[in-house]
A.B. asks: 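Here it is, the structure in full.
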Protein chains: 4
Amino acid sequence: MAKIEDKETAILKAAIAVFAERGFWNTPTSLISKTARVAEGTLFNYFATKDDLINAVYLEIKRELAKELMGSFHARETFRDKMRDNWNRYIEWGLRNPEKFNVLQQISTSFKLDADVKAQGMEPFAEIERLARESIAKGEIHDYPVEYLGALMDTQTAMTVRLMAMNPQADYQRIGFEILWNGVAK
Amino acid sequence: MAKIEDKETAILKAAIAVFAERGFWNTPTSLISKTARVAEGTLFNYFATKDDLINAVYLEIKRELAKELMGSFHARETFRDKMRDNWNRYIEWGLRNPEKFNVLQQISTSFKLDADVKAQGMEPFAEIERLARESIAKGEIHDYPVEYLGALMDTQTAMTVRLMAMNPQADYQRIGFEILWNGVAK
Amino acid sequence: MAKIEDKETAILKAAIAVFAERGFWNTPTSLISKTARVAEGTLFNYFATKDDLINAVYLEIKRELAKELMGSFHARETFRDKMRDNWNRYIEWGLRNPEKFNVLQQISTSFKLDADVKAQGMEPFAEIERLARESIAKGEIHDYPVEYLGALMDTQTAMTVRLMAMNPQADYQRIGFEILWNGVAK
Amino acid sequence: MAKIEDKETAILKAAIAVFAERGFWNTPTSLISKTARVAEGTLFNYFATKDDLINAVYLEIKRELAKELMGSFHARETFRDKMRDNWNRYIEWGLRNPEKFNVLQQISTSFKLDADVKAQGMEPFAEIERLARESIAKGEIHDYPVEYLGALMDTQTAMTVRLMAMNPQADYQRIGFEILWNGVAK
DNA sequence: CATGAATGAGGTTTCATTCAT
DNA sequence: TATGAATGAAACCTCATTCAT
């Protein structure tokens with residue numbers, strides 16, 4: 001049969017859309033395949049189980065986000081600027097992709113990911129922690145555990161996206177970073 | 001343990017225990033009733049639907065947490081001390097009640113609560129936002145939107161609990177508050 | 001709800017009927033519940049899995065057969081008479097209960113029974129082997145391994161039932177026993 | 001092993017192997033084609049349906065067994081020797097080819113073969129029944145219905161193979177024939 | 001003839017909910 | 001009010017078969 005469109009991609013897209021709307025626990029695989037305009041069985045040709053599909057969705061989104069963020073570290077000079085760039089890109093990506101953002105949050109907090117998938121998803125943050133260590137060495141920011149800084153950055157960004165989505169005209173993006181930076185800077 | 005226990009309470013307790021272990025989407029009501037040593041049908045005498053039960057669990061935990069935190073605002077003098085007291089009580093409660101903390105997070109992020117239940121659950125934060133407004137008026141902290149401050153306090157506390165649960169000997173509790181306070185103080 | 005009729009029995013009976021007609025591998029549980037005039041889910045209240053049901057069917061039939069045969073050993077005097085009585089009862093039961101006989105054969109040859117169920121099903125033959133040992137000691141029959149004699153008795157009886165079912169007017173019942181006895185007698 | 005092997009043969013061999021291991025009801029055609037290192041669709045170029053394949057497997061094995069047994073009738077002089085030769089060859093073939101033996105039993109007892117295939121599979125026994133008739137005429141053995149004798153020979157041989165496979169050091173092969181012969185001889 | 005992606009009916013099992021007792 | 005057997009829709013997944021390449 002003609003591979004007119006990539007079915008795997010169609011399934012992933014459909015999964016993100018319906019997961020965002022109904023929550024992934026509440027979404028039958030039949031709805032995903034229907035949304036993807038694909039037979040019910042086809043889904044399982046690409047993803048052996050629903051859990052595998054969820055892992056794949058997570059990884060797909062994380063990879064897209066990582067690509068979005070990766071550039072930020074090299075485009076700026078100071079650690080503060082790198083961090084702010086990262087902050088801004090994350091938030092803007094989240095606002096541009098509310099479904100993906102939403103699904104990522106869902107999966108992160110309510111699903112037991114495969115260990116290797118989880119590890120892959122964490123890579124992007126390795127870089128930010130490395131930069132934080134450098135900055136600590138230079139005496140720019142306080143000597144806090146970098147894993148705490150990474151987690152803080154992550155949760156605060158996510159929270160900011162959520163608030164901005166509900167209240168678009170507020171100035172949370174600038175304020176949030178100001179608070180974050182003042183919190184850690186010497 | 002009380003020998004004769006209200007069945008409703010028994011069901012709520014059982015629900016929290018099994019939700020914490022398996023996730024509430026993954027938990028059949030039959031397991032809850034079994035854990036509560038109550039007939040399957042009995043559960044539905046107290047909670048018309050599973051969704052109602054989830055709402056009730058949420059409210060139950062939120063109320064307990066609120067009671068824990070409420071006192072903090074009056075025991076201290078300055079806003080900083082009130083805030084720190086609140087921070088500490090939240091974290092210590094979370095560490096003492098990992099199941100309840102866990103279930104609260106689950107429900108908050110992956111369940112569509114009834115509007116009125118959600119509203120009731122937010123009450124405790126009204127107080128903290130009121131205090132923040134006072135403090136802003138006194139010029140102690142920056143003039144940031146109080147709803148942002150409330151949300152920040154909430155997510156950062158929760159994140160800190162999670163990290164401390166995984167790494168108990170770390171000093172996250174003190175550090176976290178330091179960052180938070182430095183972030184907002186003038 | 002009124003327990004007007006024993007549903008468990010109804011399900012077992014229905015299973016035997018449809019297994020006989022279509023083979024148990026080819027029989028959906030939905031057809032069993034439909035035949036038993038019971039909801040699809042009800043079947044699983046009584047038998048956790050289809051495999052459990054098959055084990056139960058096997059045991060049910062074996063027990064009935066055992067009851068039928070058990071008496072035979074005491075009603076007669078000589079070993080030959082006991083054996084012939086057993087032979088006759090088995091065959092007549094098989095002809096009277098073609099469905100049960102058929103299903104028993106099916107399960108015995110094409111299903112991996114639970115170890116304990118298998119063991120329970122074998123009990124009746126312990127007795128015949130014990131009697132064979134006695135008879136050997138008395139010098140009535142040849143000193144052949146009793147487990148071989150038991151298996152021979154079993155397969156030859158079953159084969160005879162099958163042939164008689166296809167060709168009812170033949171004299172296989174008498175002939176078969178004659179061959180069997182002459183084969184083992186001194 | 002032949003490097004280039006007929007795909008049809010490869011499929012038949014693979015089917016026997018996996019049927020023996022998992023039972024043919026439990027074996028998906030996809031596993032057969034995979035085992036045969038052939039595409040899923042290819043199997044259906046040779047066998048229109050799974051049922052057709054099962055029929056073909058049956059016939060293939062029966063033919064091999066027939067070839068093995070056919071010679072026996074001419075290599076010996078007396079009917080007893082022919083019969084014993086047949087008995088021995090069957091048993092030894094069964095022990096040498098446990099998978100084929102197993103699959104043959106499975107299909108014979110749990111599958112509705114096509115009428116013509118069944119007829120073809122029975123041919124070898126026509127010969128033994130013819131010889132039995134001769135022997136009866138000569139007064140060597142009792143005048144029993146030859147179809148009963150054929151069926152007896154078949155089931156008893158099969159049972160003996162099964163027992164020997166489980167208990168290889170026992171003397172069932174010799175004993176079994178002794179019983180069989182004494183049963184029918186005058 | 002060979003391939004393997006695609007199909008969708010159908011299989012077993014789960015589970016929230018009902019209701020007669 | 002408490003019970004738990006009964007229900008049946010729906011979930012996930014399998015697999016024989018088709019067919020465009």
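Numbered from 1 within each chain, the chains take letters A, B, ... in sequence-line order.
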A.B. asks: For residues 18-38 of chain D, which residues have at least one heavy atom under 4.0 Å from DNA chain E?
C.D. replies: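 Residues of residues 18-38 of chain D under 4.0 Å from DNA chain E: none.
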A.B. asks: For DNA chain E, determine which residues of residues 106-113 of chain C have any heavy atom closer than 4.0 angstrom to one of its atoms, and list them numerically.
C.D. replies: none
A.B. asks: Could you tell me the Watson-Crick or G-U partner of dA20(E), where both distances fall under 3.5 Å? Say none if there is no partner.
C.D. replies: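 When the pairing criteria are applied, dT3(F) turns out to be the nucleotide that pairs with dA20(E).
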A.B. asks: What's the CZ-P distance between F47(C) and dA6(F), to the nearest Å?
C.D. replies: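 Between P of dA6(F) and CZ of F47(C): 12 Å.
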A.B. asks: Within this structure, what is the CG-to-C1' distance between D52(A) and dC13(F), rounded to whole angstrom?
C.D. replies: 12 Å
A.B. asks: By salt bridge (charged side-chain N to carboxylate O under 4.0 Å, His left out), which residues pair with K100(C), not counting sequence neighbours?
C.D. replies: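 So K100(C) forms a salt bridge (charged side-chain N to carboxylate O under 4.0 Å, His left out) with E64(C).
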A.B. asks: My understanding is that a pair needs two contacts under 3.5 Å, Watson-Crick or G-U wobble. By that rule, which nucleotide pairs with dT14(F)?
C.D. replies: dA9(E)
A.B. asks: Heavy-atom distance under 4.5 Å between the side chains of W25(C) and N26(D), does that happen here?
C.D. replies: yes
A.B. asks: Surrounding CZ of R37(A) (heavy atoms of other residues, nucleotides or ligands, distance under 6.0 Å), is the total greater than 12?
C.D. replies: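 No.
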A.B. asks: Nearest of dA2(E), dT1(F), dT18(F) to any side-chain atom of F44(D)?
C.D. replies: dT18(F)
A.B. asks: Kindly indicate whether the side chain of L59(B), heavy atoms from C-beta on, has any atom under 4.5 Å from the side chain of N55(B).
C.D. replies: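 Of all side-chain heavy-atom pairs linking N55(B) with L59(B), none is under 4.5 Å.
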A.B. asks: Grab the NZ-C1' distance between K50(B) and dT18(E) for me, whole Å please.
C.D. replies: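 The answer, rounded to whole Å, is 18 Å.
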A.B. asks: Return the minimal non-hydrogen interatomic distance between V103(A) and I16(A), and the atom names on each side.
C.D. replies: CG2-O, 3.5 Å
A.B. asks: Taking the minimum atom-to-atom distance to the side chain of N45(A), which one of dA6(E), dG4(F), dT13(E) wins?
C.D. replies: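 When the side chain of N45(A) is considered, dA6(E) is the closest of dA6(E), dG4(F), dT13(E).
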A.B. asks: Which part of the nucleic acid, if any, lies within reach of Y46(D) when heavy atoms closer than 4.0 Å are counted: base, sugar-phosphate only, or nothing?
C.D. replies: sugar-phosphate
A.B. asks: Please tell me whether D116(B) and Q120(B) have a donor and an acceptor in their side chains that are separated by less than 3.5 angstrom.
C.D. replies: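 Per modelled atom types, D116(B) and Q120(B) side chains form no pair under 3.5 Å.
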A.B. asks: Can you find a pair of side-chain heavy atoms, one from K62(D) and one from L104(D), that are under 4.5 Å apart?
C.D. replies: yes
A.B. asks: On DNA chain F, compare the nucleotides closest to L43(B) and A48(A); which residue's is nearer the 5' end?
C.D. replies: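 By nearest-heavy-atom nucleotide position, the 5'-most residue is L43(B).
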A.B. asks: Reading DNA chain F from 5' onward, which residue's closest nucleotide shows up sooner: E40(A) or A39(B)?
C.D. replies: A39(B)
A.B. asks: So, the side chain of Q105(A) versus the backbone of A158(A): is there a donor-acceptor pair under 3.5 Å, distance only?
C.D. replies: no
A.B. asks: So F111(C) and F24(C), would you call those rings parallel, tilted or perpendicular, with 30° and 60° as cut-offs?
C.D. replies: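 Rings of F111(C) and F24(C): perpendicular, as their planes differ by over 60°.
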